[in-house]
Amino acid sequence: MVRQSYWAVLLMCVSLCGRSLSVCAQGKLDSLQHLEEVVITAKPYKEVIPAQHLSGIQLERLNAHNVADALRYFSGVQIKDYGGMGGLKTIDVRNMGTHHVGVFYDGLQVGNAQNGIVDLGRFSLDDLEEISLYNGQKSEIFQAAKDFASASALYLKARRPKFGAGKKTNLLMRYKTGTIQLINPSFRWEQKLNDQINTSVSAEYMKSNGEYKFRYRRLAQNGEVAYDTTATRWNSDIEAYRIEAGVYGNISDGYWQAKLYYYNSDRGLPGAIIKNEWRNGERQGDKNFFVQATFVKDVTPKYKLQLNGKFAYDYTHYVSRDTFLILDDTVTKAMQFDNTYYQQDWYLSMVNMYNILHNWDVSLSVDFQYNKLNAVTRGVGVPFSFPQRYTTWAALATSVDLGKLKLQASLLGTFVIEKVRNNAKAPDKSELSPAVFIGYRPFQKHDFNVRAFYKRIFRMPTFNDLYYAQIGDSKLSPEFTDQFNVGASYQKEFPAGFISRFGIQVDAYYAFITDKIVAAPTGSFFRWMMTNMGKVESKGVDASLNVAGHIAPVQFHTTLSYSYSEAQDFTKINGKKMSSYGDQIPYTPWHSGSVTAGVDYRSWALNYSFIYVGERYNGAVNNIPRNQVQPWYTHDFSLQKEFVFAGQYRLKASVELNNALNQYYDVVLNYPMPGRNFRFTLSLSL
C-alpha cells in the first residue's frame, strides 16, 4: 500500500538538505572507495553506516573454503550449512531470513527467482578482492535501484588486474589438496592490452568424494542415550568447475567493465541422519551462466551516469530416488522427483546523480528485470505454471554532508506484473519503501562516529512460494521487514609503540517481520502449503574489536566479534496465540562470536581462528528441552611461508588444520559437519 507518510519522510530529509548551503565537504559524496586496510572493521568516516569488510591478505589467511565459510567471522551473521562438500550454504543476517539478503557480484545482484536462495558455496575466495556486508543498504546513493531493495546486502568484489612498473602480464597458479579427497587446482591470468584496457581470465576445478567420519549421538526424553554411533558421511560428493573472464577499461572521467561467468557442478545432496536412516538418492546438477556489463562516467562536473546490463541463465536438475520425510523423529517414505528447471533473467539499469550543491547530491535510478521459469517435472500431477515476472524498480535518493553530520534518505518504488501459462497467477503488486540514514562525528580530531538508520523493505514471494505444485499459494502477500539501528565506532592509529591500531564498533538493532512466509503441513505428510503467518521480532547487539601492533620484526593482529540475538515468534492465528508464541525462532543462538589472530615474522605467517555458536533450538515448533541444540565451536590453524625467486617470482606454501579438537557438531540438526581435517595449498605468482 502506498502511504503518504513515506513521502513525508523523504520531503523532510530533502528539506534538511536544502537548508545547509555553506559547509566544507566533498563535492562528490559517492565517489569510488578503495580500501588499503585488511581488517574486519568499518571504513573511515566516508560512509554514513559503515560495513564489515574482509579484503586482501586477511581473506587469504582465513581457513575458509568459500564465501560462506568466510562470512562466519562477521557479527550478526548466521550460516546455514547442510554439511559436506556438496551441502547447501546460505546466509541469514540479524534473523530476518535468507531471502532478505541481497547478494551482489561485481556490483550486480545474483538472482534466483525460483527459490530466492543463492548458494554461497559456489563462490570461491581465490578470485575475490573484497567481501563487504551492509546492514540496511550500502551508504551510497549512486547505485542501482535494486541495491536499495534488500534488508541487508552482501557485495563480492572480484580481483581487478594490477600491474607493476613495466609489467604487462600476471599469472597465478594454485593447487589445493587435503582430506575428504579434495582436489582443487585453479589459475588466474591477467593481461594489460594498453594503458586503457586490461583483461583477466580465471578458472577453477574442484572434486571431492565428500566422505568423512561423524558421530551421531542423541538422548531420549528421560535423558538416557538413545543412539551413539560413529559412521561415514556419504552422498556428499561434488565435482565442479568455474570459468570467469573480464575486460576492464578506463575512459575520460569514467570507466567500464564486462564480465562473463560460468559454473557447472554435479553434487550429492547429503540428507538428514536419523534413526539409522541414511537419506540418499538426492542429487543436483547446476549450470549457472551470466554476462554483465557496467558503464560509469562523469558526464559533466555535476552530473554522473551509470548504466548496467545483465543476462543470466540457470539450469537445475534435481533427482530424488530414495527420499524420506522426517517429522518429529518419524521416518516416512516420501515422493520421488526427477525435475529440471530453466531460469532466464534479463536486467537493465540506469542511475543518474546530480550535484545540486557542493555538499548536496540527489539521484534517480530506474531498473527493469524480466524473469522466466520453465520446467520439466515428473511425478507431479498438477501442470507446471510456467511463470513470468516483470519488475520495475525506481529509487529517488538524496545525500547531504554537513561536515560533522551526514544524512541520506531514499524512497524505492517496486512494481511487479505476474504472468502464468497454467493455474492461477499471483496478483500484480506495487509498494513504496523508505529508508533514512544519519551519521554524526562529534569530534574533529578523533575518529569517533555515531549513526542510526530506519528502513522498511519487503521481499516478493518466490516462484516456488507461489506456484510450486501442491505447495505454492498464488495469493501470498509480500513479507515486510522494518529495521531500526543505532551504533557507534571508534578507531585510533598510533604512529609509534607496541600497539599501532585499535578499533571498536557496537550496534544495537530492532527489527520485525510481518506476513512471514512459511511452509505449513496439511492433513498429509506429502502435501504442504505456503502461507502468511504472524510476526517475528528480532533485537540484539553486534560488536567487534580489532587490534594490531608489532615488536620488530614481528607483527600481530587480532579481531574479535560478538553477537547477542533475541528473535521471537509472536504469531497469532484468528486472534489466538500459537504454542510457540514468545519462543526463540529456530537456529537462532542467543550468543555467537569469533576470534581471528595472526603473527607475521618476515616471510612466515601463523594464523588462528575460533568460531562459537551458542545454544539454540532446532526447526521443531516449541522451545522445549527435546528440541534444544547444544553449542558448537571450532579451532582452526594455518601456517604460511613465502619464497621469492629471481626477485619477482613468488611461491607460497600453506598448511591448514581445521576443527583441531575434532569436535562433532551440526550447524543444522542431523546434518553432521566434518571433524578434524587438513588442507595444503601451493601457489605460484609469475
Side-chain angles (χ1 to χ4, degrees), residues 32-36 38 54-60 66-67 104-108 110 122-132 155-176 184-206 240-264 287-297 306-313 642-654 681-686:
L32 292 175
Q33 319 216 354
H34 300 279
L35 278 182
E36 295 182 358
V38 289
L54 275 169
S55 61
I57 297 176
Q58 189 155 359
L59 270 179
E60 298 179 12
N66 50 54
V67 170
F104 296 82
Y105 193 81
D106 266 5
L108 276 71
V110 181
R122 87 183 213 207
F123 295 104
S124 170
L125 295 178
D126 291 348
D127 220 36
L128 293 182
E129 182 175 297
E130 181 181 77
I131 300 175
S132 303
Y155 287 85
L156 310 177
K157 182 180 178 183
R159 297 182 185 275
R160 295 194 60 162
K162 298 178 181 178
F163 301 94
K167 197 173 183 182
K168 293 188 175 182
T169 302
N170 294 329
L171 178 62
L172 173 64
M173 296 179 289
R174 182 179 283 116
Y175 183 82
K176 300 177 184 177
N184 186 196
S186 64
F187 82 91
R188 178 177 176 83
W189 170 72
E190 300 173 347
Q191 185 66 44
K192 183 176 182 179
L193 300 183
N194 53 48
D195 291 339
Q196 285 74 42
I197 300 177
N198 301 323
T199 63
S200 69
V201 176
S202 65
E204 180 180 18
Y205 174 79
M206 183 176 71
Y241 63 87
R242 170 188 58 86
I243 301 173
E244 291 186 51
V247 183
Y248 309 87
N250 295 317
I251 58 175
S252 177
D253 298 319
Y255 69 92
W256 60 270
Q257 63 182 42
K259 177 175 286 292
L260 181 147
Y261 176 98
Y262 180 72
Y263 176 83
N264 186 306
K287 298 177 182 178
N288 307 109
F289 168 83
F290 69 74
V291 57
Q292 64 184 42
T294 297
F295 174 86
V296 177
K297 181 174 175 60
Q306 180 182 144
L307 301 173
N308 300 303
K310 180 175 182 177
F311 168 73
Y313 175 84
E642 187 175 66
F643 305 89
V644 179
F645 301 96
Q648 56 179 332
Y649 305 128
R650 297 180 180 272
L651 175 66
K652 182 180 291 186
S654 68
T681 303
L682 280 176
S683 61
L684 177 63
S685 299
L686 303 177

Engineer: Contact between T199 and L193 at the side-chain level, heavy atoms closer than 4.5 Å - yes or no?
Structural biologist: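 Yes, at least one pair of side-chain atoms sits under 4.5 Å.
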Engineer: Determine, stepwise, if the pair E204 / S202 fulfils side-chain hydrogen bond (donor to acceptor under 3.5 Å, both in side chains).
Structural biologist: CA-CA 7 Å; E204 180 180 18; S202 65; over 6 Å; no
Engineer: Is there a side-chain contact between S654 and K652 in this structure, where contact means two heavy atoms from C-beta onward sitting under 4.5 Å apart?
Structural biologist: no
Engineer: Is the NZ or CZ atom of K310 positioned over F290's six-membered ring, under 6.0 angstrom from the centre and within 45° of the axis?
Structural biologist: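 Pair K310/F290 counts as cation-pi.
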Engineer: Can you find a pair of side-chain heavy atoms, one from F295 and one from Y255, that are under 4.5 Å apart?
Structural biologist: no
Engineer: Tell me, with the steps shown, if F123 and Y105 meet ring-ring contact (aromatic ring centres under 6.0 Å, His included).
Structural biologist: CA-CA 10 Å; F123 295 104; Y105 193 81; 5.7 Å; yes
Engineer: Would you mind reporting whether I197 and W256 have side-chain heavy atoms less than 4.5 Å apart?
Structural biologist: yes
Engineer: Ion pair present between R160 and E129, side-chain N to carboxylate O less than 4.0 angstrom?
Structural biologist: no
Engineer: Go through R122 and N288 one step at a time and tell me if the side chain to side chain contact (heavy atoms under 4.5 Å, CB included) criterion holds.
Structural biologist: CA-CA 10 Å; R122 87 183 213 207; N288 307 109; 3.6 Å; yes
Engineer: So does Y649 have more than 12 non-hydrogen atoms from other groups sitting under 6.0 Å from OH?
Structural biologist: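 Counting other residues, nucleotides and ligands, OH of Y649 stays at 12 neighbours or fewer.
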Engineer: Does A158 offer a backbone N or O that forms a donor-acceptor pair with the side chain of D106 under 3.5 Å?
Structural biologist: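 Present.
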Engineer: Applying side chain to side chain contact (heavy atoms under 4.5 Å, CB included), name anything that partners Q196, two or more places apart in sequence or on another chain.
Structural biologist: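 By the side chain to side chain contact (heavy atoms under 4.5 Å, CB included) rule, Q196 matches N194.
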Engineer: Can you pull the salt bridge (charged side-chain N to carboxylate O under 4.0 Å, His left out) pairs that have at least one residue in residues 161-175, sequence neighbours excluded?
Structural biologist: D126-R174
Engineer: Can you tell me how far the CG atom of L108 sits from the CG atom of N308, to the nearest 0.5 Å?
Structural biologist: 4.5 Å
Engineer: Are F104 and Y155, when compared by the centres of their aromatic rings, separated by less than 6.0 Å?
Structural biologist: yes
Engineer: Hey, is D127 close enough to R188 for a salt bridge, meaning N to O under 4.0 Å?
Structural biologist: yes
Engineer: Could you give the distance from CD (Q292) to CZ (F311), rounded to the nearest 0.5 Å?
Structural biologist: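 Interatomic distance, Q292 CD to F311 CZ, rounded to 0.5 Å: 13.0 Å.
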Engineer: Going through the checks in order, is the side-chain hydrogen bond (donor to acceptor under 3.5 Å, both in side chains) test met by Q257 and T294?
Structural biologist: CA-CA 5 Å; Q257 63 182 42; T294 297; 4.8 Å; no
Engineer: Got a second to check how far Y261's OH is from E244's CD, nearest 0.5 Å?
Structural biologist: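 Interatomic distance, Y261 OH to E244 CD, rounded to 0.5 Å: 6.0 Å.
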Engineer: If you round to the nearest 0.5 Å, how far is CG of L686 from CG of L651?
Structural biologist: 10.0 Å
Engineer: Passes side chain to side chain contact (heavy atoms under 4.5 Å, CB included), L172 versus L684? Steps please.
Structural biologist: CA-CA 6 Å; L172 173 64; L684 177 63; over 6 Å; no
Engineer: Evaluate K297 against I251 for side chain to side chain contact (heavy atoms under 4.5 Å, CB included), listing each step before the verdict.
Structural biologist: CA-CA 8 Å; K297 181 174 175 60; I251 58 175; 4.2 Å; yes
Engineer: Give the C-alpha distance, both sets of side-chain angles, the deciding distance and a yes or no for side chain to side chain contact (heavy atoms under 4.5 Å, CB included) between T169 and W189.
Structural biologist: CA-CA 7 Å; T169 302; W189 170 72; 3.6 Å; yes
Engineer: Find out whether Y248 and P161 are in side-chain contact, i.e. whether some heavy atom of one side chain is under 4.5 Å from a heavy atom of the other.
Structural biologist: yes
Engineer: Verify the distance criterion only: is there a donor paired with an acceptor across the side chains of N198 and E190 at less than 3.5 Å?
Structural biologist: no
Engineer: Taking all heavy atoms of Q191 and all of F163, pick out the closest pair and write down the distance.
Structural biologist: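 Looking at all heavy atoms of both residues, the closest pair is C-CZ, 3.6 Å.
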Engineer: Side chain of N184, backbone of Y205: donor and acceptor closer than 3.5 Å?
Structural biologist: yes
Engineer: I want to check something: taking the side chain as every heavy atom from C-beta on, are L171 and S685 in contact at a cut-off of under 4.5 Å?
Structural biologist: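 No, every pair of side-chain atoms sits at 4.5 Å or beyond.
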